[in-house]
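Both backbone and side-chain heavy atoms feed into the values below; hydrogens, waters and symmetry mates do not.
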Amino acid sequence: MSHRRTHSLLVAALISTAVLAAGATTVDGPAAVAASATCTRPLLDEAQPAQDALPEVPDATVADLNKIPVRTLQHEAAEDDALWLDECGRLFVVDELPTEAVVTAPTTPVANASVKPADAFSLHSRKGASKVIYLDFRGRTLSGTAWNTSRGRTSIPLGAYDTNGVPGTFTDAERAAVAAVWESVAADYAAWDVDVTTQDPGTAALSRTAGTDTKYGIRVVVTSKSSGMQAECGCGGIAYVNVFEHVGVQYQPALVFAEALGSAKAIAEAASHEAGHNFGLFHDGDANAGYHTGTDPWAPIMGVGYYQPVSQWSRGEYATATNQQDDTAIIGRQLGVAADDHPGTTDPAAATRLGTSLTGLVTGPDDADSFVVSSATPMDVFAEPLTAWSNLDVELTVTDASGSTVQVVNPGTSRVHAALAQGLGATATLPAGTHVVTVRGADGPGYSSYGSTGAYRVRLRGEPTGQPLTTATTVPSGVVGQAVSQPVVTGGTPPYTWTGVPKVAWLTFGADGRLTGTPTAAMRAAAVTPTVTDADGRTATFPGWRTFLVQTPLTIPVQVPAKGTTGRSYSTTLRASGAVAPYTWTASGLPDGLVLKGALVTGVPQRSGTYPVEVTVRSGLQTRTSTLTLTIVDPAVTLRTPSPTAGKVGTAYRFALLAAGGSGSYTWTATGVPAGLTLSSDGVLSGTPVAAGTARIAVRVVSGTATYATTLSLVVRP
C-alpha cells in the first residue's frame, strides 16, 4: 500500500469516528460561530486527500473557498499527499511524525535564563501586539469547530501537556519544557508584529469578528492525550490552511500531538509548522519527498525541522525545491513586520553608539543594524542570537570612519546535534579608532540570508576606557518589608554570573548586577566575599556585601509631649524605634524659646499657644516624619490684694484689685457689686455706695491662658 493511501485510510478513520466525551465542557466559540462550522452545501461526502478529491469537484470552487490561485491548488495537490479537503472543500494538512528519534534538546532556555518555571504560563514575545499566536498547553474540549463537523464529533476532549502521567498539574520540568517551546516558536516569529504567548488571551482575543477587526489570532493546542485523534491519523499535527484572517474560530485550533512527538525540540518545530499552515503556507518538498529534510545544519520550517538545529522560513532556494512560496512575505502581509530598532548606516554620526552591550532585531535580508564603536585600544565586538533556539545566523560588517569596508565576518555554521548549532555568532576585532559595525542575517551552508532573522545581543569584549568590571565597596541597608533593588556591579560585559553568594531566601544576585528582593527579617551580612564574572570572563570580588544590613522599619510612636509653661524651663524627649541607633532628628514649628538638641526639645517658651511641630528622624537609609502637638500655657494667676476696704454710703469709693502670674496683662469681670459701684476691666472698683450692707462680689480675672476666680466681701457702712 502506498504511503499516501495509508494516510488516506487513517485520516478517513479519524474524521469518521465519533469521539464523544460524556459531561465534557464546551469551551470554544459562541453559538453563532459554532453553527457556521458546518457548510450548507458540502462538496464531498467525506474528507479526502486533495489528490483524490479534486477530480470530483471544480478546482475553481475549491481555490475560491481557500482564497488561493487555482494554479497553486493544482500544484500543491499534485505534490503533497499530506494535503486534504474536508466535506466543505476547505484545505487542511495531516503532518507526518518524525521517522527517527529527535535528540532531546535542553528544556531550559539557555540564553533566556531569566524565565523561571513559575512564569511558564505568562510568557509573551511582544505583549500588546494586535495579533496573537497562543500556545495552549492546558488542554481544552473542542466543540463547534470544523474538527467536530464530520460524522457527529460533537466534542473532542484534548488533554493538557503532560510528561509524568499526572495531567492538570505541571512540574518544574514540564514548565521548563513549555518555556523552551515558547522560546523556539517566538524566535521563528520574531521578525513580525505578533505576540507569541503562553498566557490564555481568551477566545475573544483570538476570534476575528469582522473583516474590519484588526485584533485577532490563532490557537495552537499542544496536547498529550488527543482522544484518539493522533492514534487514528498517526500524525504529528494537523491544521487548516490559510485561515489566519478568517472571520470566526471554526478552523481553529491547529493541533500538535505531544504524545507522539516527545521532546521540546520536536514540539516546537511542529507548533511553528502548523501555525505556518494557518498563515497559508504549504509544504517545502523536494524531488524525493513531500517534506524536505534539509542538509546539515539547516532545514526549512515548512519541511522537516526536527533533525536540524537551524530551521528557517524558506522560499525554495535549495536544489529540486517543489515550493517557491515566499514564506516571510506571506506571513508579513498578515502580521506586519516588526518596527526597525537601529538604523543601518556607515555614518558614525548616525549609527547607534555601542557602550557595552545592546540588543537588536534582524527582520529580513534587507534589515541591517549599525553600531559605532570608538576606543583608544583594540576591541572585540561580538554578536550572537539572543535566545538558544534562534533562526538568526549573524554576519558582521566593519567599516572605518570614511565608510570603507574593512572586514566582513561570517563564521562557518555546523551541526552539533538536532537542537544545537555552533558558529551562529560572529566576532570582529577592531583596531583603535572609530568604526561602524553592522549586524545582518548571514548566509550559511545550504541556506541564504532570506530566513536568517531574529533577536541578538551585540557587545564589546575587551577593556574600553572607563569600563572595567567593578563592584560596590559598601551597600546601603535594606528594610524589612521594603523592596530592595541596588546596583552593585558596573562596567564589564553583562550578563553577570555570581559565585560564593550567601543563601538568603528572599535575595537575588542578578545577572544585571543588582541585588533585588524584599527582606522578610532583620539580618547582618554573612562574612563572605562573593565573586562576579562578566560575559567575557572577567572577574571581580564583591567586598561590599559585608556591609549589607537589613533593618527593622523605622517608626515614630504616637506621643503627646507634656505641656509647657511660658517663662519656665521646659524639656521633652522625642522617641523613635526600629532601624539602628543613633537617630538624627530635625524639627520645624517649635515655639519661640525652644530648640532641638539631639532628641531633646528644651528651653524657656516665650508665648503660650498650641503648636503643630513637624519632627523628622533619620537612621541610615530610612526617614520618618510625624507631627506632634506641643501646648504651652501661661502660669497660674493669683490675687495680690486682700479684701477691699470698707466704704461709706454717700462717700466716693475707689479700690484697685491686683493680680500676679498669667501673661502679665489682666482682664477683670465681676458680679454682685453693691449699688453705686462698678468694677472696670482693669480691676478698679469705684463709685459712691448708696446703701449700707455687706456685699459678696464674685470676681474673675483672665490673663493669657490662665484664669482665676474668687469671691470678695465688701462692707458699706451707713
Is the backbone N or O of Lys215 less than 3.5 Å from a side-chain atom of Ser130, with the two atoms forming a donor-acceptor pair by type?
no

I would like to know whether Leu255 and Met229 meet side-chain contact (heavy atoms from CB on, under 4.5 Å); could you show each step before the answer?
CA-CA 10 Å; Leu255 303 180; Met229 292 184 74; 3.7 Å; yes

Side chain to side chain donor-acceptor pair (under 3.5 Å) between Asp95 and Tyr291: does it pass, once the steps are laid out?
CA-CA 9 Å; Asp95 279 307; Tyr291 298 83; 2.8 Å; yes

Would you check if there is a donor-acceptor pair between the side chains of Gln199 and Ser122 at a distance under 3.5 Å?
no

Output yes when a side-chain donor or acceptor of Ser226 lies under 3.5 Å from a complementary backbone atom of Gln230, and no otherwise.
yes

Hey, are the side chains of Val132 and Leu206 touching, using non-hydrogen atoms and a 4.5 Å cut-off?
yes

In short, Glu96 meets Tyr306 closest at the heavy-atom pair O-OH, 3.8 Å

Using the benzene-type ring in the case of Trp, are the ring centres of Tyr240 and Trp147 under 6.0 Å apart?
yes

Could you check if a side-chain atom of Leu97 sits within less than 4.5 angstrom of a side-chain atom of Leu261, using non-hydrogen atoms only?
yes

Between Glu174 (side chain) and Thr163 (backbone), is there a donor-acceptor pair under 3.5 Å?
yes

Would you say Asp327 and Tyr450 are linked by a side-chain donor-acceptor pair, where the criterion is simply a distance under 3.5 Å?
no

For the residue pair Ser224 and Glu259, confirm or rule out a side-chain donor-acceptor distance under 3.5 Å.
no

Does a side chain donor of either Thr429 or Asp380 reach within less than 3.5 Å of an acceptor in the other side chain?
yes

Counting C-beta onward and ignoring hydrogens, is there a side-chain heavy-atom pair between Arg457 and Ser357 closer than 4.5 Å?
yes

Looking only at atom types and distance, does a side-chain atom of Asp195 sit under 3.5 Å from a main-chain N or O of Arg126, one as donor and one as acceptor?
yes

Any chance the rings of Phe137 and Phe170 have centres within less than 6.0 Å?
no

Phe121 ring centre to Arg175 NZ or CZ under 6.0 Å, with the angle to the axis within 45°?
no

Compute whether any side-chain donor of one residue and acceptor of the other, for Tyr456 and Asp369, lie under 3.5 angstrom apart.
yes

Identify the two heavy atoms, one from Ala426 and one from Phe382, that lie closest to each other, and give their separation to 0.1 Å.
O-CD1, 3.3 Å

Any side-chain donor paired with an acceptor under 3.5 Å for Gln74 and Asp59?
yes

Separation between CG of Asp366 and CG of Asp340, rounded to the nearest 0.5 Å
11.5 Å

Shortest non-hydrogen pair, Trp192 vs Asp188, comes out as CZ3-O, 3.5 Å

Kindly say whether Leu135 contributes a backbone atom to a donor-acceptor pair with the side chain of Thr198 at under 3.5 angstrom?
no

Any side-chain to backbone donor/acceptor pair from Asp64 onto Ala60? Under 3.5 Å, distance only.
no

I'd like to know if the side chain of Gln334 and the backbone of Phe244 have a donor-acceptor N/O pair within less than 3.5 Å.
no

Step-by-step side-chain contact (heavy atoms from CB on, under 4.5 Å) determination, Ile68 to Asn242
CA-CA 8 Å; Ile68 60 174; Asn242 201 29; 4.0 Å; yes

With a 4.5 Å limit on heavy-atom distance, are the side chains of Ile238 and Val93 in contact?
no

Donor-acceptor check, side chain of Ser375 to backbone of Pro378, threshold 3.5 angstrom: yes or no?
no

Whether Lys131 and Glu245 form a salt bridge (side-chain N of Lys/Arg under 4.0 Å from carboxylate O of Asp/Glu) is what I want to check.
no

Over all heavy atoms of both residues, which pair between Gln51 and Ala77 is shortest? Give the atoms and the distance, please.
CG-O, 2.6 Å

Mark yes or no for whether Trp182, through its side chain, and Val196, through its backbone, hold a donor-acceptor pair below 3.5 Å.
yes

Side chains of Thr434 and Ser374: any donor to acceptor distance under 3.5 Å?
yes

side-chain contact (heavy atoms from CB on, under 4.5 Å), that's the test. Do Asp193 and Leu335 meet it? Break it down for me.
CA-CA 6 Å; Asp193 189 16; Leu335 295 180; 5.6 Å; no

Residues Gln308 and Asp296: side-chain donor-acceptor under 3.5 angstrom
yes

Find out whether Thr405 and Val398 are in side-chain contact, i.e. whether some heavy atom of one side chain is under 4.5 Å from a heavy atom of the other.
no

If you look at every heavy atom in Thr427 and Val409, which pair is closest and at what distance?
O-CG1, 3.3 Å

When rounded to the nearest 0.5 angstrom, what distance separates CD1 in Ile301 from CG in Leu281?
9.5 Å

Distance in Å, Leu91 CG paired with Leu65 CG, rounded so as to fall on 0.5 Å steps:
9.0 Å

Less than 4.0 angstrom from a charged side-chain N to a carboxylate O is my criterion; do Asp534 and Arg538 meet it?
yes

Without hydrogens or angle criteria, can the side chains of Gln422 and Ser414 be said to hold a donor-acceptor pair below 3.5 Å?
yes

How long is the span from the CD atom in Gln407 to the CG atom in Asp400, to the nearest 0.5 Å?
11.0 Å

With a 4.5 Å cut-off on side-chain heavy atoms, are Val249 and Tyr216 touching?
no

Considering only heavy atoms from C-beta outward, does the side chain of Ile218 approach that of Glu274 to under 4.5 Å?
no

Could you please spell out the steps behind the ring-ring contact (aromatic ring centres under 6.0 Å, His included) verdict for Trp313 and Tyr189?
CA-CA 10 Å; Trp313 304 107; Tyr189 289 91; 5.2 Å; yes

Can you find a heavy atom in the side chain of Val241 that is under 4.5 Å from one in the side chain of Phe92?
no

Side chain of Asn278, backbone of Val243: donor and acceptor closer than 3.5 Å?
no

Return the CG to OG1 distance between Asp284 and Thr293, rounded to the nearest 0.5 Å.
12.0 Å

Return the minimal non-hydrogen interatomic distance between Ala187 and Thr387, and the atom names on each side.
CB-OG1, 4.2 Å

With a 3.5 Å cut-off and sequence neighbours excluded, list the donor-acceptor pairs that the side chains of residues 436-447 form with protein atoms.
| from | atom 1 | to | atom 2 | distance (Å) |
| --- | --- | --- | --- | --- |
| Thr438 | OG1 | Ser370 | OG | 2.8 |
| Arg440 | NH1 | Thr397 | OG1 | 3.2 |
| Asp443 | OD1 | Ser449 | N | 2.7 |
| Tyr447 | OH | Asp393 | OD2 | 2.7 |

Is there a side-chain contact (heavy atoms from CB on, under 4.5 Å) between Leu358 and Phe371 once you walk through the steps?
CA-CA 9 Å; Leu358 289 171; Phe371 304 89; 3.9 Å; yes

Does one side chain, of Gln312 or Trp298, offer a donor that lies under 3.5 Å from an acceptor on the other?
yes

Apply the side chain to side chain donor-acceptor pair (under 3.5 Å) test between His283 and each candidate in His292, Gln325, His273; give the one that qualifies.
His273

When you compare the side chains of Thr345 and Asp347, does any donor N or O come within less than 3.5 Å of an acceptor on the partner?
no

So, taking the atom named CZ in Arg138 and the one named CG in Asp136, what distance separates them when rounded to the nearest 0.5 Å?
8.5 Å

